Amino acid sequence: MKFLNSSSARILTLVLLLQAGAYYALASRAERVPDVAPLTTFPTFIGGWQTVKEIAVEKEVQDVLKADDTLSRQYASLTDGQLYLFLAYFRTQRKGQSPHSPKNCLPGSGWEQVEDAKISIDVPGRNVPILINKYVVAHGEDKSLTLYWYQSHGRVIASEFSAKFWLVADAIRYHRSDTSLVRVSIPVRDNNIAAATQTGVAFVKSLFPEIEKQLPM
């Protein structure tokens with residue numbers, strides 16, 4: 001009974017209502033699915049970063065994720081080391097497929113949460129900063145920083161709950177449910193999370209204009 005009166009229960013109820021609203025909005029009318037270039041066409045050079053490895057997404061991961069297109073790459077810079085970019089594009093969420101939060105995936109792989117926050121980044125072409133997730137995990141002595149967000153129709157969304165809200169709103173207004181997950185992972189060297197954050201932020205600033213070119217508005 002205490003759980004039913006808790007804020008967690010109220011949030012869960014709202015999420016379920018939003019999911020039900022999205023299902024009704026998508027099922028009751030034809031959906032508009034935009035044409036998008038394959039993610040393999042995404043630039044291999046971004047600012048001072050160059051692709052050094054294309055990483056195959058395992059079939060088990062693809063089966064769980066159910067994305068229509070994915071990209072997994074390792075980029076390197078002469079001054080800032082290496083990092084990893086992962087993109088997942090969903091043409092529709094009509095059948096229940098949707099981006100999986102790294103907060104759910106990483107702990108299941110043996111990583112433990114160290115920090116969970118949101119940060120603002122000034123990016124080219126935007127009058128106001130974008131708000132994205134900063135998530136730090138540890139596995140023994142190793143640490144990794146992940147910066148990620150959901151991108152739908154030019155909109156940057158950090159919160160999973162907000163992503164559900166906009167899914168319903170866009171399904172009703174535009175008959176669309178396409179969305180994307182953008183994830184940048186940076187190894188933390190010498191336990192210096194601040195330096196890894198600085199590297200990630202610099203990469204996101206260079207990355208963002210290319211993301212807006214690639215993904216549908």
Side-chain angles (χ1 to χ4, degrees), residues 12 15-16 18-27 30-44 51-75 82-113 116 132-133 135-140 142 144-153 155-168 170-171 175-187 207 210-211 214-216:
L12 177 60
V15 169
L16 292 174
L18 288 173
Q19 289 178 329
Y23 177 80
Y24 175 79
L26 293 172
E31 186 174 9
R32 292 179 53 229
V33 180
D35 292 326
V36 180
L39 292 180
T40 53
T41 64
F42 198 75
T44 54
T51 299
V52 294
K53 185 179 181 180
E54 299 279 354
I55 303 172
V57 179
E58 297 178 354
K59 183 180 183 302
E60 293 80 3
V61 176
Q62 292 276 26
D63 290 343
V64 172
L65 191 62
K66 298 180 181 178
D68 292 289
D69 198 3
T70 56
L71 173 73
S72 184
R73 281 182 184 165
Q74 182 180 16
Y75 285 82
Q82 300 179 349
L83 51 73
Y84 301 86
L85 171 66
F86 178 79
L87 304 177
Y89 173 66
F90 300 79
R91 290 166 54 86
T92 177
Q93 297 179 71
R94 179 187 289 268
K95 297 180 181 179
Q97 61 271 59
S98 61
H100 287 234
S101 169
K103 296 176 186 177
N104 298 329
C105 301
L106 291 174
S109 304
W111 294 83
E112 297 182 357
Q113 176 182 313
D116 181 8
I132 67 172
N133 294 286
Y135 192 57
V136 182
V137 293
H139 191 291
D142 297 326
S144 177
L145 163 69
T146 296
L147 302 177
Y148 75 94
W149 68 92
Y150 307 99
Q151 182 125 351
S152 299
H153 322 151
R155 187 187 302 112
V156 173
I157 306 170
S159 162
E160 282 79 13
F161 177 78
S162 295
K164 294 294 185 184
F165 169 82
W166 286 114
L167 167 61
V168 176
D170 291 343
H175 307 176
R176 288 175 58 180
S177 66
D178 52 295
T179 191
S180 302
L181 170 67
V182 184
R183 187 181 76 197
V184 179
S185 300
I186 308 98
L207 170 71
E210 302 299 336
I211 290 291
Q214 181 78 31
L215 300 178

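Owing to the predicted nature of the structure, the values given are computational and were not obtained by experimental measurement.
In this structure, the separation between OG on S180 and CZ on R91 is 12.0 Å, given to the nearest 0.5 Å. With values rounded to the nearest 0.5 angstrom, Y135 atom OH is found 13.5 Å from L147 atom CG. Distance check: W149 CH2 to R155 CZ gives 15.5 Å after rounding to the nearest 0.5 Å. Distance check: R32 CZ to D170 CG gives 10.5 Å after rounding to the nearest 0.5 Å.
Within the 4.5 Å cutoff, the side chain of L85 has heavy atoms near those of the F42 side chain. Contact annotation: the side chain of E160 never approaches that of P99 to less than 4.5 Å [non-hydrogen atoms, C-beta and beyond]. Residues V61 and T70 have side chains not in contact (no heavy-atom distance under 4.5 Å, counting atoms from C-beta outward). A 4.5 Å side-chain heavy-atom check between L87 and Q214 finds every atom pair outside the cut-off. The shortest side-chain heavy-atom distance between V156 and I132 falls under the 4.5 Å cut-off. Put simply, the side chain of Y148 reaches to within 4.5 Å of the side chain of S101, judged on heavy atoms. Between E54 and L71, some side-chain heavy-atom pair lies under the 4.5 Å cut-off.
In this structure, N133 contributes its side chain and A158 its backbone to a donor-acceptor pair below 3.5 Å. Side-chain atoms of Q82 never come within 3.5 Å of backbone atoms of I186 as a donor-acceptor pair (strictly under, hydrogens ignored). Looking at D69, its side chain never comes within 3.5 Å of a backbone N or O of Y89 through a donor-acceptor pair. Of the possible donor and acceptor atoms, one in the side chain of Q93 sits under 3.5 Å from a partner among the backbone N and O of S177.
Taking each heavy atom of R73 and L39 in turn, the nearest pair found is NH2-O, 4.3 Å. Residues A67 and F90 approach most closely at CA-CE2, 3.6 Å, considering heavy atoms. Pairing each heavy atom of W166 with each of I157, the nearest pair is CD1-CD1, 3.7 Å. Pairing each heavy atom of P216 with each of R176, the nearest pair is CB-NH2, 3.8 Å. Scanning both residues, P187 and L83, for their nearest heavy atoms gives CD-CA, 4.4 Å. Closest heavy-atom contact between F86 and S72: CD1-CB, 4.0 Å.
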Determine, step by step, whether E31 and T92 satisfy the side-chain hydrogen bond (donor to acceptor under 3.5 Å, both in side chains) criterion, reporting the C-alpha distance in whole Å, the side-chain angles of both residues, the deciding distance to 0.1 Å, and the verdict.
-> CA-CA 8 Å; E31 186 174 9; T92 177; 2.8 Å; yes

Carefully, step by step, assess T179 and L167 under the rule side chain to side chain contact (heavy atoms under 4.5 Å, CB included).
-> CA-CA 9 Å; T179 191; L167 167 61; over 6 Å; no

Decide side chain to side chain contact (heavy atoms under 4.5 Å, CB included) for V36 and D68; before the verdict, give the C-alpha distance in whole Å, the side-chain angles of both, and the deciding distance to 0.1 Å.
-> CA-CA 11 Å; V36 180; D68 292 289; over 6 Å; no

